K.L.:
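Right, I'll just put the structure down here and ask away after.
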Number of protein chains: 2
Amino acid sequence: MVRIMGKFTQLRDASRKLQLLKANQRDLALNILADLIHEHSPSLINASELDLKENGESMTNANRARLILDSKKISQLVLGIRQVAKLSDPVGKTLDATVLDENLLLTKVSVPLGVLGVIFESRADVAPQIISLALRTANGVVMKAGSESKHVNSEYQKILIELSTSLEFLPNDWCQIYHQREIVKEMLAATEEIDLIIPRGSYELVKSVSENTKIPVLGHAAGVCHLYIHQSADLEKALNILFDAKLQYSAACNAIETVLIDNSLATTFIPKLITLAKERALELRGDEEFCKYDPSAIQIKSDAWNQEYGDAILAVKVVKDHNQAIEHINKYGSHHTDAIVAKSESAINTFLNRVDSANVYSNCSTRFADGFRYGFGAEIGISTGRIHARGPVGIDGLMTYKYILEGDGQIVADYVGEDAKAFLHLRKTVE
Amino acid sequence: MVRIMGKFTQLRDASRKLQLLKANQRDLALNILADLIHEHSPSLINASELDLKENGESMTNANRARLILDSKKISQLVLGIRQVAKLSDPVGKTLDATVLDENLLLTKVSVPLGVLGVIFESRADVAPQIISLALRTANGVVMKAGSESKHVNSEYQKILIELSTSLEFLPNDWCQIYHQREIVKEMLAATEEIDLIIPRGSYELVKSVSENTKIPVLGHAAGVCHLYIHQSADLEKALNILFDAKLQYSAACNAIETVLIDNSLATTFIPKLITLAKERALELRGDEEFCKYDPSAIQIKSDAWNQEYGDAILAVKVVKDHNQAIEHINKYGSHHTDAIVAKSESAINTFLNRVDSANVYSNCSTRFADGFRYGFGAEIGISTGRIHARGPVGIDGLMTYKYILEGDGQIVADYVGEDAKAFLHLRKTVE
């Protein structure tokens, strides 16, 4: 991999140049990127095989699967980039306009965040997704990929160089890929050069990144999600949603870890749940009440309700009412995604209002919490933070804004004191 | 001052309760707060006199002025709170709505950030402004006031208790005021309890806070603002703007520190500037070129262009063109507020596009960078960060959002794999 000297300082300049391109130039760059990845399929597949050969043996199946790049995955990648190319360009949009006074117009205009720092574990298909999102939003980007995927990421770096060479208008070095471990420390210390750090991977990665940088971090804490079965619930829907939310992909951060069951439903619902869980190889654990129905189940201690299993294990708790359910979720949850199953409109509204999470649902699976399912067209990650962006984050989360004020000589002294001129503050409609 | 035990943990609960109030309940609380401050005028004035008596002697005039609370300042405070009461309530607004599929509606709804931590130096009129903004946005708030203003801030704490007592619906302890220095350390460590730290005061305060917390900080770095006089400038307007931007209030963060003058204007503009600066007691410093016109002026070394004087001192630099001016601003500025004076449309557009600051202006004073002048109705501060909020920050900067998804039993398994249902992703118009 080409290690570029001067590194991060060039990214800021490059990102400022990207921002000045026309939207159709960014469209073109995205489509040529898609073409190049398609053309490089054979060498990408070879590189991924080499990564697998060198590192695969000691890996779990899931991690090995992440290193594989086959023609099907490449087709998906290419399709994804072409879709990003079709997304409306987010740069330079007028978000707001106010006439402060005659010939004094204030506009709020969208601009890129600047430079992104993305850190991800060994995966063969993350880099092109990041590259396309950064290009669409005119952000510079430095990436640190897991070292086990170094061959495939070196191929992407070559493609990037080819892209910059073939399009004269594209600045050099707007996007850099590294795999050396030392670079992480440099990235986390680059408070002047990098505006946002995006760790993509396990909760441990997100946590360790957050603890070691002064740069804002966009990521999610543990995904301790809940499903609450209200006394008014349709039990068939409840079970259907429960198994989807837990087992459709149990390692996902939006899979549930705990189901809260209204006391009045316990005798009918719990035995059904136990039977179905056995059939589907789902391990149930629970509170004292639940263990009366399943004495062999592990009983959960009161301080262990915030555990993320990320596996086919589900905690079951019987709650005396709505209030207890909401309080449990706000106390033990990670404010990611929580759902209620209920027919009662008022129970649903109370839940949606009072549960303090990024995503709150009624009568559907928590697994819908995802940028693609939300229709964002692309996703950079999911945020459980409350600042800047919350929930699934699409291209909007990679933008900020600036205020432009255009006058014809106005000074502030005329607007203060005894004979002060008054501001008009006329809000103009935009688009 | 009443020191409440349990402290910050109660704030989160209280903020969740605030959020559930109706908008007109928050309106009412704001108006009663204004009434109470008006009624307490005599004791507030007494308290401020006591603060002044105990601490005023060793203070500068400017700092002493900040401790004073007279009936005029109180009237302004009361008026300000009544204006905040009239601002449209920002809680629970539908920001976006998308039909994901039949009977599966996604809405994005505004919610408060949660709990704010505000740290400010000794001032007699900051607390009520913060209290009213927090109440309007339904955020809990903990404040650390400078210890020299402890008597007046104790009065505000009493008013808060009276407010909560007179309005049964208002949660206790949603707002806390401290003046003990130790509390700062506790606030900066409260990553679970406080969502946003807002330091209001000097750059040193902002810097020291940012360096000592993992909580996101909203504030501004040094205010190194620029005025660029393009060769097409109207020189009379340029001088008028220059003196307003520098001297109208030279300690403000949006006052300019440097003026960049196009080479072609140097011989006509600089002598005029020197004459006027003498009349108005403005000290000029400059580059080598400038010092040819004023040999007694201090010459600025190349690495000292990022200095914030915050006083009646202005740095002057002659630039050879537009590019050099923009590059100087992007390199040495603090990305706060920068302005061009020019008649050329293309010069203006290039400047507005390429200068990478929160506020970029043409033909008006940088001193307009302010939430009130922008028409926000209230201001919590100015941000030079790029994440979450940028430039002057009004009540919008104290809000976040959550996603609500309402279904009738939908599960994700139906939307993946071979016979996957397709999402509709129909964007609905809101308001």
Side-chain angles (χ1 to χ4, degrees), chain A residues 16 19-20 98 100 104 106 111 113-114 195-196 210-211 214 216 234 237 240-241 244-245 248 330 348 352-354 356-365 367-369 373-375 385-388 390-392 400-413 415-416 423 425 427, chain B residues 16 19-20 98 100 104 106 111 113-114 195-196 210-211 214 216 234 237 240-241 244-245 248 330 348 352-354 356-365 367-369 373-375 385-388 390-392 400-413 415-416 423 425 427:
Chain A
R16 287 179 181 146
Q19 177 181 349
L20 297 176
T98 310
L100 299 195
L104 188 62
L106 179 72
V111 296
L113 278 180
D195 300 296
L196 185 67
S210 305
E211 279 168 5
K214 286 283 164 200
D234 174 323
K237 280 183 184 168
N240 202 24
I241 289 170
D244 188 79
Q248 198 267 332
N330 282 340
I348 291 173
L352 298 178
N353 277 328
R354 284 186 51 201
D356 188 13
S357 298
N359 307 282
V360 287
Y361 292 3
S362 66
N363 296 317
C364 55
S365 168
R367 294 272 300 118
F368 283 105
R373 291 176 191 142
Y374 277 12
R386 304 173 72 91
I387 303 297
H388 188 67
R390 202 177 184 208
T400 181
Y401 51 82
K402 69 183 189 188
Y403 288 103
I404 292 179
L405 184 61
E406 293 165 280
D408 68 352
Q410 287 87 345
I411 60 172
V412 160
Y415 295 84
V416 294
F423 285 105
H425 288 152
R427 193 82 171 270
Chain B
R16 287 179 181 146
Q19 177 181 350
L20 297 176
T98 310
L100 299 195
L104 189 62
L106 179 72
V111 296
L113 278 181
D195 300 295
L196 185 67
S210 304
E211 280 168 5
K214 285 283 164 200
D234 173 323
K237 280 183 185 169
N240 202 24
I241 289 170
D244 188 79
Q248 198 267 334
N330 283 340
I348 291 173
L352 298 178
N353 277 328
R354 285 187 50 201
D356 189 13
S357 298
N359 307 282
V360 287
Y361 292 3
S362 65
N363 296 317
C364 55
S365 168
R367 293 274 299 118
F368 283 104
R373 292 175 192 143
Y374 277 13
R386 304 173 71 92
I387 303 298
H388 187 67
R390 201 176 185 210
T400 181
Y401 51 82
K402 68 183 189 188
Y403 288 104
I404 292 179
L405 184 61
E406 294 166 280
D408 67 353
Q410 288 87 345
I411 61 172
V412 160
Y415 295 84
V416 294
F423 285 105
H425 289 151
R427 192 80 172 272

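From a predicted model like this one, the values you see are computed outputs, not experimental measurements.
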K.L.:
Mind listing the closest non-hydrogen atom pair of B:C364 and A:G407 along with its distance?
P.N.:
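Looking at all heavy atoms of both residues, the closest pair is SG-N, 4.2 Å.
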K.L.:
With chain A as the partner, which of B:R427, B:H425, B:K237, B:E406 has the greatest number of non-hydrogen pairs under 4.5 Å?
P.N.:
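The answer is B:H425.
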K.L.:
Output yes when a side-chain donor or acceptor of B:D244 lies under 3.5 Å from a complementary backbone atom of A:V412, and no otherwise.
P.N.:
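A pair under 3.5 Å: yes.
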K.L.:
Which heavy atom of A:P216 sits nearest a heavy atom of B:I387, and at what distance?
P.N.:
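It is CG-CG1, 3.6 Å.
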K.L.:
Using the side chain to side chain contact (heavy atoms under 4.5 Å, CB included) rule, pick out the option among B:L405, B:L104, B:I404 that qualifies with A:Y361.
P.N.:
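It is B:L405; the other options fail the test.
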K.L.:
Report the option among B:E211, B:Q19, B:Q248 that has the most heavy-atom pairs separated by less than 4.5 Å from atoms of chain A.
P.N.:
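Answer, by heavy-atom pair count under 4.5 Å with chain A: B:Q248.
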K.L.:
Side chain, backbone, both or neither: which part of B:I241 has a heavy atom under 4.5 Å from chain A?
P.N.:
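Contact with chain A is through both the backbone and side chain of B:I241.
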K.L.:
What part of A:A358 gets within 4.5 angstrom of chain B, counting heavy atoms only: side chain, backbone, both, or neither?
P.N.:
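Answer is backbone: N, CA, C or O of A:A358 sit under 4.5 Å from chain B.
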K.L.:
Is there a side-chain contact between A:I411 and B:R367 (heavy atoms, below 4.5 Å)?
P.N.:
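No, side chains not in contact.
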K.L.:
Considering only heavy atoms, which portion of B:H388 lies under 4.5 Å from any heavy atom of chain A: side chain, backbone, both, or neither?
P.N.:
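The answer is both parts of B:H388.
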K.L.:
Return the CG to CZ distance between A:N353 and B:R16, rounded to the nearest 0.5 Å.
P.N.:
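Reported to 0.5 Å precision, the distance equals 13.5 Å.
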K.L.:
Is the shortest side-chain heavy-atom distance between B:R390 and A:K402 below 4.5 Å?
P.N.:
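Yes, side chains in contact.
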K.L.:
Please determine, among A:T98, A:L196, A:N240, the option with the most heavy-atom pairs under 4.5 Å with chain B.
P.N.:
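Going by pairs under 4.5 Å, I would pick A:N240.
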K.L.:
Of the backbone (N, CA, C, O) and the side chain (C-beta and beyond), which part of A:L20 lies under 4.5 Å from a heavy atom of chain B, both, or neither?
P.N.:
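Side chain of A:L20 only, per the 4.5 Å heavy-atom cut-off to chain B.
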K.L.:
Between B:R386 and chain A, which part of the residue has a heavy atom less than 4.5 Å away: side chain, backbone, both or neither?
P.N.:
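Both parts, backbone and side chain.
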K.L.:
Could you have a look at B:S210, B:G375, B:S362, B:A413 and say which one has the most heavy-atom pairs with chain A under 4.5 angstrom?
P.N.:
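Of the options given, most contacts go to B:S362.
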K.L.:
Does any backbone or side-chain atom of A:R373 lie under 4.5 Å from a heavy atom of chain B? Answer side chain, backbone, both or neither.
P.N.:
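Backbone plus side chain of A:R373, per the 4.5 Å heavy-atom cut-off to chain B.
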K.L.:
Looking at chain B, which one of A:V416, A:N359, A:I348 has the largest number of heavy-atom pairs inside 4.5 Å, strictly under?
P.N.:
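The candidate making the most pairs under 4.5 Å is A:N359.
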K.L.:
Which answer fits B:Q410, side chain, backbone, both or neither, if we ask what part of it has an atom under 4.5 Å from a heavy atom of chain A?
P.N.:
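Interface part for B:Q410: both.
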K.L.:
Checking heavy atoms, do the side chain of B:D234, its backbone, both or neither come under 4.5 Å from chain A?
P.N.:
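Neither; nothing under 4.5 Å.
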K.L.:
What I'd like to find out is whether the side chain of B:L106 reaches to under 4.5 Å of the side chain of A:Y374, using heavy atoms alone.
P.N.:
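Result yes, sub-4.5 Å side-chain heavy-atom pair found.
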K.L.:
With a 4.5 angstrom heavy-atom cut-off, is it the side chain or the backbone of B:F423 that approaches chain A, or both, or neither?
P.N.:
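Answer is side chain: those atoms of B:F423 sit under 4.5 Å from chain A.
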